[in-house]
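Labels below follow one simple rule: chain letters A, B, ... track the order of the sequence lines, proteins then strands, and each chain is numbered from 1.
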2 protein chains.
Amino acid sequence: MATPAGAAVTSEPETTAQRARRARIIQATLALASRGGYEAVQMREVAERSEVALGTLYRYFPSKVHLLVSAMAHELERMRIRLQRKAIPGTTRQERVSYVLERSTHSLQRDPNLTEALVRAMMAADATVADEVTGVRNQMADLIIQAMRNGSAPSEEDVAYAGILQDVWFARQIAWLGGRVSSEDIWNDIEQAIALVLRD
Amino acid sequence: MATPAGAAVTSEPETTAQRARRARIIQATLALASRGGYEAVQMREVAERSEVALGTLYRYFPSKVHLLVSAMAHELERMRIRLQRKAIPGTTRQERVSYVLERSTHSLQRDPNLTEALVRAMMAADATVADEVTGVRNQMADLIIQAMRNGSAPSEEDVAYAGILQDVWFARQIAWLGGRVSSEDIWNDIEQAIALVLRD
DNA sequence: GCGGATACTAGAACACGTTCTTGTACGGCG
DNA sequence: CGCCGTACAAGAACGTGTTCTAGTATCCGC
(Lines give C-alpha, C1' and ligand atoms only; values in the text may rest on other atoms or scores of the structure.)
Protein backbone atom coordinates (compact mmCIF):
# COMPACT_ATOMS: atom_id res chain seq x y z
CA MET A 1 0.00 0.00 0.00
CA ALA A 2 0.75 3.67 -0.11
CA THR A 3 3.99 4.54 -1.77
CA PRO A 4 5.07 7.47 0.37
CA ALA A 5 5.60 9.79 -2.57
CA GLY A 6 5.44 9.58 -6.30
CA ALA A 7 8.05 12.22 -6.83
CA ALA A 8 11.50 11.69 -8.25
CA VAL A 9 12.47 8.05 -8.19
CA THR A 10 16.03 9.05 -8.92
CA SER A 11 17.76 8.83 -5.59
CA GLU A 12 20.76 10.89 -6.63
CA PRO A 13 21.89 12.97 -3.68
CA GLU A 14 21.34 16.58 -4.62
CA THR A 15 23.17 19.59 -3.31
CA THR A 16 21.22 22.36 -1.68
CA ALA A 17 21.58 24.51 -4.75
CA GLN A 18 20.22 21.73 -6.91
CA ARG A 19 17.21 21.18 -4.70
CA ALA A 20 16.58 24.91 -4.83
CA ARG A 21 16.83 24.93 -8.62
CA ARG A 22 14.40 22.05 -8.88
CA ALA A 23 11.97 23.82 -6.57
CA ARG A 24 12.23 27.06 -8.53
CA ILE A 25 11.55 25.19 -11.75
CA ILE A 26 8.45 23.50 -10.36
CA GLN A 27 7.19 26.78 -8.96
CA ALA A 28 7.70 28.58 -12.24
CA THR A 29 5.93 25.75 -14.02
CA LEU A 30 2.92 25.89 -11.72
CA ALA A 31 2.73 29.65 -12.02
CA LEU A 32 2.79 29.60 -15.82
CA ALA A 33 0.35 26.68 -15.99
CA SER A 34 -2.00 28.46 -13.66
CA ARG A 35 -1.88 31.56 -15.78
CA GLY A 36 -2.39 30.08 -19.22
CA GLY A 37 -2.60 26.30 -19.15
CA TYR A 38 -0.56 23.81 -21.10
CA GLU A 39 0.49 26.03 -23.96
CA ALA A 40 1.57 28.81 -21.63
CA VAL A 41 4.15 26.53 -20.08
CA GLN A 42 6.92 27.28 -22.53
CA MET A 43 10.28 25.80 -21.82
CA ARG A 44 12.21 29.00 -22.53
CA GLU A 45 9.89 30.92 -20.23
CA VAL A 46 10.14 28.33 -17.46
CA ALA A 47 13.93 28.45 -17.75
CA GLU A 48 14.02 32.23 -17.60
CA ARG A 49 11.65 32.49 -14.62
CA SER A 50 13.45 29.85 -12.63
CA GLU A 51 16.78 31.46 -13.52
CA VAL A 52 18.38 28.44 -15.06
CA ALA A 53 19.64 27.93 -18.59
CA LEU A 54 17.45 26.05 -21.02
CA GLY A 55 19.93 23.20 -21.11
CA THR A 56 19.82 22.93 -17.33
CA LEU A 57 16.05 22.79 -17.36
CA TYR A 58 16.31 19.85 -19.76
CA ARG A 59 18.87 18.22 -17.52
CA TYR A 60 16.42 18.28 -14.64
CA PHE A 61 13.31 17.43 -16.66
CA PRO A 62 13.97 15.77 -19.99
CA SER A 63 10.76 17.03 -21.58
CA LYS A 64 7.82 19.34 -21.06
CA VAL A 65 5.69 16.34 -20.20
CA HIS A 66 8.16 15.12 -17.58
CA LEU A 67 8.11 18.59 -16.12
CA LEU A 68 4.34 18.83 -15.90
CA VAL A 69 3.83 15.30 -14.61
CA SER A 70 6.40 16.02 -11.91
CA ALA A 71 4.50 19.20 -11.10
CA MET A 72 1.35 17.14 -10.76
CA ALA A 73 3.08 14.74 -8.38
CA HIS A 74 4.09 17.78 -6.38
CA GLU A 75 0.52 19.06 -6.21
CA LEU A 76 -0.90 15.66 -5.29
CA GLU A 77 1.64 15.34 -2.53
CA ARG A 78 0.43 18.62 -1.10
CA MET A 79 -3.14 17.41 -1.32
CA ARG A 80 -2.30 14.13 0.40
CA ILE A 81 -0.71 15.95 3.28
CA ARG A 82 -3.66 18.27 3.58
CA LEU A 83 -6.13 15.40 3.59
CA GLN A 84 -4.18 13.47 6.17
CA ARG A 85 -4.54 16.26 8.68
CA LYS A 86 -7.98 15.15 9.66
CA ALA A 87 -10.06 12.00 9.39
CA ILE A 88 -12.14 11.48 6.29
CA PRO A 89 -15.83 12.05 7.04
CA GLY A 90 -18.49 9.56 6.01
CA THR A 91 -19.74 6.22 7.23
CA THR A 92 -19.83 4.32 3.94
CA ARG A 93 -17.15 3.73 1.33
CA GLN A 94 -19.13 5.73 -1.19
CA GLU A 95 -19.35 8.72 1.07
CA ARG A 96 -15.70 8.73 1.93
CA VAL A 97 -14.51 8.20 -1.63
CA SER A 98 -16.89 10.87 -2.86
CA TYR A 99 -15.52 13.23 -0.26
CA VAL A 100 -11.93 12.65 -1.25
CA LEU A 101 -12.49 12.79 -4.98
CA GLU A 102 -14.71 15.81 -4.69
CA ARG A 103 -12.16 17.63 -2.59
CA SER A 104 -9.45 16.75 -5.07
CA THR A 105 -11.52 17.58 -8.11
CA HIS A 106 -12.72 20.91 -6.78
CA SER A 107 -9.33 21.80 -5.48
CA LEU A 108 -8.00 21.27 -8.99
CA GLN A 109 -10.86 22.86 -10.85
CA ARG A 110 -10.61 25.98 -8.83
CA ASP A 111 -7.66 26.52 -11.12
CA PRO A 112 -8.85 25.28 -14.50
CA ASN A 113 -5.75 26.37 -16.37
CA LEU A 114 -3.51 24.46 -14.03
CA THR A 115 -5.73 21.42 -14.24
CA GLU A 116 -5.76 21.56 -17.99
CA ALA A 117 -1.99 21.68 -18.11
CA LEU A 118 -1.48 18.82 -15.67
CA VAL A 119 -4.14 16.50 -17.05
CA ARG A 120 -3.05 17.13 -20.60
CA ALA A 121 0.48 16.21 -19.66
CA MET A 122 -0.69 12.98 -18.06
CA MET A 123 -2.46 12.10 -21.28
CA ALA A 124 0.46 13.02 -23.46
CA ALA A 125 2.84 10.87 -21.45
CA ASP A 126 4.53 8.16 -23.45
CA ALA A 127 6.68 5.28 -22.27
CA THR A 128 9.63 7.53 -21.41
CA VAL A 129 7.56 9.12 -18.65
CA ALA A 130 6.23 5.83 -17.29
CA ASP A 131 7.96 6.16 -13.92
CA GLU A 132 6.63 9.61 -13.21
CA VAL A 133 3.13 8.69 -14.35
CA THR A 134 3.15 5.57 -12.21
CA GLY A 135 4.11 7.74 -9.27
CA VAL A 136 1.15 10.03 -9.83
CA ARG A 137 -1.24 7.13 -10.28
CA ASN A 138 0.00 5.51 -7.10
CA GLN A 139 -0.52 8.69 -5.17
CA MET A 140 -4.00 9.02 -6.53
CA ALA A 141 -4.84 5.38 -5.88
CA ASP A 142 -3.62 5.82 -2.33
CA LEU A 143 -6.02 8.68 -1.81
CA ILE A 144 -8.93 6.58 -3.02
CA ILE A 145 -7.93 3.42 -1.20
CA GLN A 146 -7.41 5.21 2.06
CA ALA A 147 -10.87 6.66 1.72
CA MET A 148 -12.36 3.27 0.93
CA ARG A 149 -10.73 1.38 3.74
CA ASN A 150 -10.41 4.26 6.13
CA GLY A 151 -7.08 2.92 7.31
CA SER A 152 -7.39 -0.85 7.23
CA ALA A 153 -5.58 -2.92 4.63
CA PRO A 154 -7.16 -2.94 1.18
CA SER A 155 -8.17 -6.12 -0.61
CA GLU A 156 -7.12 -6.90 -4.13
CA GLU A 157 -10.61 -5.97 -5.26
CA ASP A 158 -10.28 -2.58 -3.61
CA VAL A 159 -7.18 -1.86 -5.64
CA ALA A 160 -9.03 -2.75 -8.84
CA TYR A 161 -11.92 -0.48 -7.88
CA ALA A 162 -9.54 2.36 -7.19
CA GLY A 163 -8.01 1.81 -10.61
CA ILE A 164 -11.35 1.98 -12.37
CA LEU A 165 -12.43 5.07 -10.50
CA GLN A 166 -9.18 6.71 -11.35
CA ASP A 167 -9.62 5.85 -15.01
CA VAL A 168 -13.07 7.37 -14.99
CA TRP A 169 -11.76 10.42 -13.17
CA PHE A 170 -9.07 11.04 -15.76
CA ALA A 171 -11.38 10.30 -18.66
CA ARG A 172 -13.92 12.80 -17.36
CA GLN A 173 -11.21 15.40 -16.98
CA ILE A 174 -10.30 14.84 -20.60
CA ALA A 175 -13.91 15.14 -21.64
CA TRP A 176 -14.02 18.43 -19.79
CA LEU A 177 -10.91 19.84 -21.37
CA GLY A 178 -12.14 18.53 -24.70
CA GLY A 179 -15.00 20.97 -24.22
CA ARG A 180 -17.63 18.27 -24.35
CA VAL A 181 -18.98 18.50 -20.81
CA SER A 182 -19.29 21.23 -18.21
CA SER A 183 -17.42 21.08 -14.97
CA GLU A 184 -20.62 20.30 -13.04
CA ASP A 185 -21.35 17.40 -15.36
CA ILE A 186 -17.94 16.01 -14.66
CA TRP A 187 -18.71 15.80 -11.03
CA ASN A 188 -22.09 14.18 -11.59
CA ASP A 189 -20.52 11.57 -13.82
CA ILE A 190 -17.85 10.77 -11.28
CA GLU A 191 -20.36 10.46 -8.45
CA GLN A 192 -22.42 8.15 -10.60
CA ALA A 193 -19.38 6.01 -11.30
CA ILE A 194 -18.54 5.86 -7.61
CA ALA A 195 -22.05 4.76 -6.75
CA LEU A 196 -21.97 2.17 -9.46
CA VAL A 197 -18.56 0.73 -8.79
CA LEU A 198 -18.82 0.75 -5.03
CA ARG A 199 -22.44 -0.39 -4.72
CA ASP A 200 -22.77 -3.19 -2.20
CA MET B 1 -30.21 6.55 -30.58
CA ALA B 2 -27.23 5.69 -32.73
CA THR B 3 -25.99 8.59 -34.76
CA PRO B 4 -25.47 6.89 -38.10
CA ALA B 5 -21.91 8.08 -38.49
CA GLY B 6 -19.53 10.23 -36.54
CA ALA B 7 -17.77 11.49 -39.61
CA ALA B 8 -17.89 14.98 -40.99
CA VAL B 9 -20.81 16.94 -39.63
CA THR B 10 -20.20 19.54 -42.30
CA SER B 11 -22.75 18.81 -44.97
CA GLU B 12 -21.08 20.88 -47.66
CA PRO B 13 -21.71 19.24 -51.01
CA GLU B 14 -18.33 18.08 -52.27
CA THR B 15 -17.29 17.54 -55.83
CA THR B 16 -16.00 14.15 -56.86
CA ALA B 17 -12.45 15.44 -56.91
CA GLN B 18 -12.86 16.75 -53.39
CA ARG B 19 -14.20 13.48 -52.07
CA ALA B 20 -11.27 11.75 -53.71
CA ARG B 21 -8.80 14.16 -52.14
CA ARG B 22 -10.34 13.63 -48.73
CA ALA B 23 -10.13 9.86 -49.19
CA ARG B 24 -6.51 10.03 -50.32
CA ILE B 25 -5.64 12.13 -47.29
CA ILE B 26 -7.26 9.68 -44.88
CA GLN B 27 -5.56 6.75 -46.57
CA ALA B 28 -2.16 8.41 -46.44
CA THR B 29 -2.76 9.22 -42.79
CA LEU B 30 -3.65 5.65 -41.92
CA ALA B 31 -0.65 4.33 -43.83
CA LEU B 32 1.78 6.64 -42.07
CA ALA B 33 0.20 6.04 -38.67
CA SER B 34 0.38 2.32 -39.21
CA ARG B 35 4.04 2.56 -40.08
CA GLY B 36 5.30 4.76 -37.30
CA GLY B 37 2.52 5.92 -35.01
CA TYR B 38 1.61 9.45 -34.03
CA GLU B 39 4.95 11.09 -34.68
CA ALA B 40 5.26 9.48 -38.10
CA VAL B 41 2.12 11.26 -39.23
CA GLN B 42 3.80 14.44 -40.36
CA MET B 43 1.66 16.97 -42.11
CA ARG B 44 4.15 17.62 -44.90
CA GLU B 45 4.43 13.91 -45.54
CA VAL B 46 0.67 13.38 -45.51
CA ALA B 47 0.28 16.21 -47.99
CA GLU B 48 2.94 14.84 -50.27
CA ARG B 49 1.60 11.28 -50.24
CA SER B 50 -1.96 12.32 -50.86
CA GLU B 51 -0.77 14.67 -53.59
CA VAL B 52 -2.26 17.81 -52.20
CA ALA B 53 -0.54 21.00 -51.12
CA LEU B 54 0.07 21.56 -47.43
CA GLY B 55 -2.39 24.43 -47.44
CA THR B 56 -5.03 22.20 -48.95
CA LEU B 57 -4.48 19.56 -46.31
CA TYR B 58 -5.11 22.24 -43.71
CA ARG B 59 -8.21 23.35 -45.53
CA TYR B 60 -9.64 19.86 -45.24
CA PHE B 61 -8.40 19.13 -41.73
CA PRO B 62 -7.54 22.16 -39.66
CA SER B 63 -5.00 20.35 -37.49
CA LYS B 64 -3.14 17.10 -37.10
CA VAL B 65 -5.52 16.13 -34.31
CA HIS B 66 -8.57 16.79 -36.48
CA LEU B 67 -7.00 14.64 -39.13
CA LEU B 68 -6.31 11.71 -36.85
CA VAL B 69 -9.64 11.84 -35.07
CA SER B 70 -11.35 11.83 -38.45
CA ALA B 71 -9.23 8.83 -39.39
CA MET B 72 -10.41 7.11 -36.24
CA ALA B 73 -14.03 7.80 -37.11
CA HIS B 74 -13.30 6.26 -40.48
CA GLU B 75 -11.86 3.13 -38.90
CA LEU B 76 -14.70 2.79 -36.40
CA GLU B 77 -17.21 3.09 -39.21
CA ARG B 78 -15.53 0.19 -40.96
CA MET B 79 -15.65 -1.81 -37.77
CA ARG B 80 -19.32 -1.03 -37.21
CA ILE B 81 -20.17 -2.27 -40.66
CA ARG B 82 -18.15 -5.40 -40.16
CA LEU B 83 -19.82 -6.13 -36.85
CA GLN B 84 -23.27 -5.57 -38.23
CA ARG B 85 -22.83 -8.32 -40.76
CA LYS B 86 -23.70 -10.96 -38.24
CA ALA B 87 -25.44 -11.15 -34.90
CA ILE B 88 -23.41 -10.61 -31.77
CA PRO B 89 -22.84 -13.93 -29.99
CA GLY B 90 -23.47 -14.34 -26.27
CA THR B 91 -26.50 -14.77 -24.06
CA THR B 92 -25.71 -12.20 -21.37
CA ARG B 93 -24.91 -8.52 -21.62
CA GLN B 94 -21.42 -9.18 -20.30
CA GLU B 95 -20.69 -11.76 -22.95
CA ARG B 96 -21.91 -9.62 -25.80
CA VAL B 97 -20.14 -6.48 -24.63
CA SER B 98 -16.96 -8.44 -24.03
CA TYR B 99 -17.21 -9.82 -27.52
CA VAL B 100 -17.61 -6.45 -29.14
CA LEU B 101 -14.95 -4.69 -27.11
CA GLU B 102 -12.54 -7.56 -27.53
CA ARG B 103 -13.06 -7.61 -31.28
CA SER B 104 -12.55 -3.88 -31.42
CA THR B 105 -9.56 -3.89 -29.12
CA HIS B 106 -7.81 -6.73 -30.88
CA SER B 107 -8.61 -5.38 -34.27
CA LEU B 108 -6.92 -2.17 -33.24
CA GLN B 109 -4.03 -3.69 -31.37
CA ARG B 110 -3.13 -5.83 -34.27
CA ASP B 111 -1.71 -2.56 -35.49
CA PRO B 112 -0.19 -0.98 -32.41
CA ASN B 113 1.29 1.98 -34.24
CA LEU B 114 -2.03 2.90 -35.73
CA THR B 115 -3.74 2.51 -32.38
CA GLU B 116 -1.15 4.66 -30.69
CA ALA B 117 -1.66 7.40 -33.24
CA LEU B 118 -5.44 7.36 -33.06
CA VAL B 119 -5.75 7.09 -29.29
CA ARG B 120 -3.13 9.75 -28.73
CA ALA B 121 -5.05 12.08 -31.00
CA MET B 122 -8.26 11.45 -29.08
CA MET B 123 -6.48 12.38 -25.89
CA ALA B 124 -4.86 15.44 -27.37
CA ALA B 125 -8.15 16.77 -28.64
CA ASP B 126 -9.10 20.15 -27.27
CA ALA B 127 -12.36 22.06 -27.58
CA THR B 128 -11.81 22.85 -31.25
CA VAL B 129 -12.12 19.16 -32.07
CA ALA B 130 -15.16 18.58 -29.88
CA ASP B 131 -17.48 17.73 -32.78
CA GLU B 132 -15.21 15.09 -34.24
CA VAL B 133 -14.50 13.58 -30.85
CA THR B 134 -18.17 13.46 -30.00
CA GLY B 135 -18.73 11.63 -33.27
CA VAL B 136 -16.17 9.00 -32.38
CA ARG B 137 -17.54 8.59 -28.89
CA ASN B 138 -21.05 8.19 -30.23
CA GLN B 139 -19.93 5.53 -32.64
CA MET B 140 -18.18 3.70 -29.88
CA ALA B 141 -21.10 4.04 -27.48
CA ASP B 142 -23.36 2.66 -30.20
CA LEU B 143 -21.19 -0.41 -30.50
CA ILE B 144 -21.41 -1.05 -26.78
CA ILE B 145 -25.09 -0.25 -26.43
CA GLN B 146 -26.04 -2.45 -29.34
CA ALA B 147 -24.13 -5.27 -27.70
CA MET B 148 -25.81 -4.65 -24.36
CA ARG B 149 -29.35 -4.46 -25.65
CA ASN B 150 -28.89 -6.68 -28.64
CA GLY B 151 -31.25 -4.52 -30.63
CA SER B 152 -33.87 -3.32 -28.18
CA ALA B 153 -33.98 0.25 -26.98
CA PRO B 154 -31.42 1.18 -24.31
CA SER B 155 -32.37 2.65 -20.96
CA GLU B 156 -30.80 5.77 -19.60
CA GLU B 157 -28.76 3.57 -17.29
CA ASP B 158 -27.43 1.61 -20.24
CA VAL B 159 -26.11 4.78 -21.79
CA ALA B 160 -24.32 5.65 -18.57
CA TYR B 161 -22.79 2.20 -18.41
CA ALA B 162 -21.61 2.48 -21.98
CA GLY B 163 -20.01 5.80 -21.09
CA ILE B 164 -18.13 4.37 -18.15
CA LEU B 165 -16.94 1.37 -20.10
CA GLN B 166 -15.75 3.63 -22.85
CA ASP B 167 -13.87 5.78 -20.35
CA VAL B 168 -12.17 2.72 -18.93
CA TRP B 169 -11.41 1.48 -22.43
CA PHE B 170 -9.72 4.73 -23.39
CA ALA B 171 -7.92 5.04 -20.09
CA ARG B 172 -6.52 1.53 -20.44
CA GLN B 173 -5.35 2.31 -23.96
CA ILE B 174 -3.51 5.31 -22.57
CA ALA B 175 -1.98 3.19 -19.86
CA TRP B 176 -0.81 0.83 -22.54
CA LEU B 177 0.72 3.49 -24.73
CA GLY B 178 2.21 5.02 -21.61
CA GLY B 179 4.20 1.80 -21.37
CA ARG B 180 2.83 0.96 -17.97
CA VAL B 181 0.88 -2.20 -18.81
CA SER B 182 1.16 -4.95 -21.39
CA SER B 183 -1.47 -5.44 -24.03
CA GLU B 184 -2.73 -8.59 -22.31
CA ASP B 185 -3.15 -6.72 -19.06
CA ILE B 186 -5.24 -4.14 -20.84
CA TRP B 187 -7.65 -6.75 -21.90
CA ASN B 188 -7.88 -8.29 -18.44
CA ASP B 189 -8.58 -4.90 -16.94
CA ILE B 190 -11.30 -4.17 -19.44
CA GLU B 191 -12.95 -7.54 -18.90
CA GLN B 192 -12.84 -6.92 -15.19
CA ALA B 193 -14.46 -3.54 -15.64
CA ILE B 194 -17.17 -5.04 -17.83
CA ALA B 195 -17.93 -7.70 -15.24
CA LEU B 196 -18.02 -5.10 -12.53
CA VAL B 197 -20.12 -2.50 -14.27
CA LEU B 198 -22.56 -4.93 -15.84
CA ARG B 199 -22.95 -7.32 -12.92
CA ASP B 200 -26.58 -8.01 -12.18
C1' DG C 1 45.40 24.85 -3.19
C1' DC C 2 45.28 22.25 -7.78
C1' DG C 3 43.59 19.46 -11.64
C1' DG C 4 40.09 17.22 -13.70
C1' DA C 5 35.38 15.96 -14.06
C1' DT C 6 30.81 17.43 -13.93
C1' DA C 7 27.23 21.01 -13.89
C1' DC C 8 25.80 25.29 -15.54
C1' DT C 9 25.20 29.46 -18.88
C1' DA C 10 24.24 31.57 -23.19
C1' DG C 11 22.77 31.10 -27.37
C1' DA C 12 22.62 29.02 -31.98
C1' DA C 13 20.54 25.39 -34.54
C1' DC C 14 17.08 22.01 -35.84
C1' DA C 15 12.33 19.71 -36.44
C1' DC C 16 7.71 19.81 -37.17
C1' DG C 17 3.00 21.91 -36.64
C1' DT C 18 0.93 25.82 -38.40
C1' DT C 19 0.26 30.12 -41.03
C1' DC C 20 1.01 33.23 -44.79
C1' DT C 21 2.07 34.68 -49.61
C1' DT C 22 1.89 34.50 -54.38
C1' DG C 23 0.54 32.66 -58.48
C1' DT C 24 -2.49 29.39 -61.12
C1' DA C 25 -6.46 26.31 -62.39
C1' DC C 26 -11.23 25.57 -62.31
C1' DG C 27 -16.19 26.04 -62.15
C1' DG C 28 -20.33 28.71 -62.44
C1' DC C 29 -22.66 32.89 -64.39
C1' DG C 30 -23.51 36.61 -67.36
C1' DC D 1 -16.96 32.77 -74.63
C1' DG D 2 -15.07 35.75 -71.05
C1' DC D 3 -15.04 37.07 -66.16
C1' DC D 4 -14.77 36.39 -61.33
C1' DG D 5 -14.48 34.13 -57.10
C1' DT D 6 -13.06 30.12 -54.88
C1' DA D 7 -10.02 26.16 -54.47
C1' DC D 8 -5.54 24.58 -55.08
C1' DA D 9 -0.22 24.46 -55.64
C1' DA D 10 4.24 25.65 -54.22
C1' DG D 11 6.97 27.14 -50.98
C1' DA D 12 8.59 30.60 -47.58
C1' DA D 13 8.11 31.90 -42.88
C1' DC D 14 7.11 31.56 -37.93
C1' DG D 15 6.69 29.47 -33.10
C1' DT D 16 7.90 26.34 -29.77
C1' DG D 17 9.87 21.84 -28.10
C1' DT D 18 14.28 19.87 -28.26
C1' DT D 19 19.24 19.36 -29.18
C1' DC D 20 23.86 20.94 -29.77
C1' DT D 21 28.13 23.87 -29.08
C1' DA D 22 31.47 26.58 -26.70
C1' DG D 23 32.83 28.66 -22.84
C1' DT D 24 32.62 29.19 -17.59
C1' DA D 25 31.86 27.88 -12.86
C1' DT D 26 31.68 24.60 -9.20
C1' DC D 27 32.73 20.64 -6.67
C1' DC D 28 35.57 16.63 -5.23
C1' DG D 29 39.70 13.93 -4.58
C1' DC D 30 44.54 14.61 -3.89
(request) Using atom OH of A:Y60 as one end and atom C1' of C:dC8 as the other, report the distance to the nearest whole Å. (result) 9 Å
(message) If we count only N and O atoms by modelled type, under 3.5 Å, do the side chains of A:D185 and A:S182 hold a donor and an acceptor together?
(response) yes
(message) Distance check needed: C:dA10 C1' versus A:L54 CG, whole Å only.
(response) 10 Å
(request) Return the residues of residues 38-49 of chain A meeting this criterion: a heavy atom under 4.0 Å from some atom of DNA chain C. Order them by number, or give none. (result) A:R44
(message) Applying a 4.0 Å non-hydrogen cut-off, can you work out what A:F61 is touching in the nucleic acid: base, sugar-phosphate, or nothing?
(response) nothing
(message) Can a donor-acceptor pair be found, under 3.5 Å and without considering hydrogens, that links the side chain of A:E95 to the backbone of A:P89?
(response) no
(request) Decide side-chain contact (heavy atoms from CB on, under 4.5 Å) for B:L196 and A:V197; before the verdict, give the C-alpha distance in whole Å, the side-chain angles of both, and the deciding distance to 0.1 Å. (result) CA-CA 7 Å; B:L196 181 56; A:V197 171; 3.8 Å; yes
(message) On DNA chain D, compare the nucleotides closest to B:G55 and B:R21; which residue's is nearer the 5' end?
(response) B:R21
(message) Quick one about A:D158 and A:S155 (side-chain donor to acceptor, distance below 3.5 Å, no hydrogens or angles considered), yes or no?
(response) yes
Please list, one pair per line, the donor and acceptor atoms closer than 3.5 Å that link side chains of residues 171-179 of chain B to other protein atoms, with sequence neighbours excluded.
{"unit_1": "B:R172", "atom_1": "NE", "unit_2": "A:D167", "atom_2": "OD2", "d": "3.0"}
{"unit_1": "B:R172", "atom_1": "NH1", "unit_2": "B:D189", "atom_2": "OD2", "d": "3.0"}
{"unit_1": "B:R172", "atom_1": "NH2", "unit_2": "A:D167", "atom_2": "OD1", "d": "3.2"}
{"unit_1": "B:Q173", "atom_1": "OE1", "unit_2": "B:Q109", "atom_2": "NE2", "d": "3.2"}

(message) Do A:T105 and A:W187 pair up side chain to side chain, a donor and an acceptor below 3.5 Å, judged on atom types alone?
(response) no
(message) Applying side-chain contact (heavy atoms from CB on, under 4.5 Å) to B:V52 and B:R59, what does each step give before you reach the verdict?
(response) CA-CA 11 Å; B:V52 298; B:R59 170 189 299 274; over 6 Å; no
(message) What's the angle between the local helix axes at either end of the helix from C:dG1-D:dC30 to C:dG30-D:dC1, using five pairs per end and rounding to 10 degrees?
(response) 10°
(request) Using atom CZ of B:R59 as one end and atom C1' of C:dA25 as the other, report the distance to the nearest whole Å. (result) 13 Å
(message) Could you tell me the boundaries of the chain B footprint on DNA chain D, defined by atoms under 4.0 Å from its heavy atoms?
(response) D:dA7 to D:dA13
(request) Rounded to the nearest angstrom, tell me the gap between atom CD in A:Q18 and atom C1' in C:dA7. (result) 7 Å
Please list every donor-acceptor pair under 3.5 Å in which a side-chain atom of residues 65-75 of chain A meets a protein atom from a residue at least two apart or in another chain.
{"unit_1": "A:H66", "atom_1": "ND1", "unit_2": "A:S63", "atom_2": "OG", "d": "2.8"}
{"unit_1": "A:H66", "atom_1": "NE2", "unit_2": "A:T128", "atom_2": "O", "d": "3.1"}
{"unit_1": "A:S70", "atom_1": "OG", "unit_2": "A:H66", "atom_2": "O", "d": "2.8"}

(request) Write down the distance between NE2 (B:H66) and C1' (C:dG17), rounded to a whole number of angstrom. (result) 14 Å
(message) Donor-acceptor check, side chain of B:R96 to backbone of B:M148, threshold 3.5 angstrom: yes or no?
(response) yes
(request) Answer with yes or no whether the side chains of B:D111 and B:S34 bring together a donor and an acceptor at under 3.5 Å. (result) yes
Ignoring hydrogens and angles, write down the donor-acceptor pairs under 3.5 Å from the side chains of residues 37-46 of chain A, residues two or more places apart or on other chains.
{"unit_1": "A:Q42", "atom_1": "NE2", "unit_2": "A:E39", "atom_2": "O", "d": "3.4"}
{"unit_1": "A:E45", "atom_1": "OE2", "unit_2": "A:R49", "atom_2": "NE", "d": "3.4"}

(request) Counting heavy atoms from C-beta on, name the nucleotide in C:dT9, C:dT19, C:dG17 closest to the side chain of B:K64. (result) C:dG17
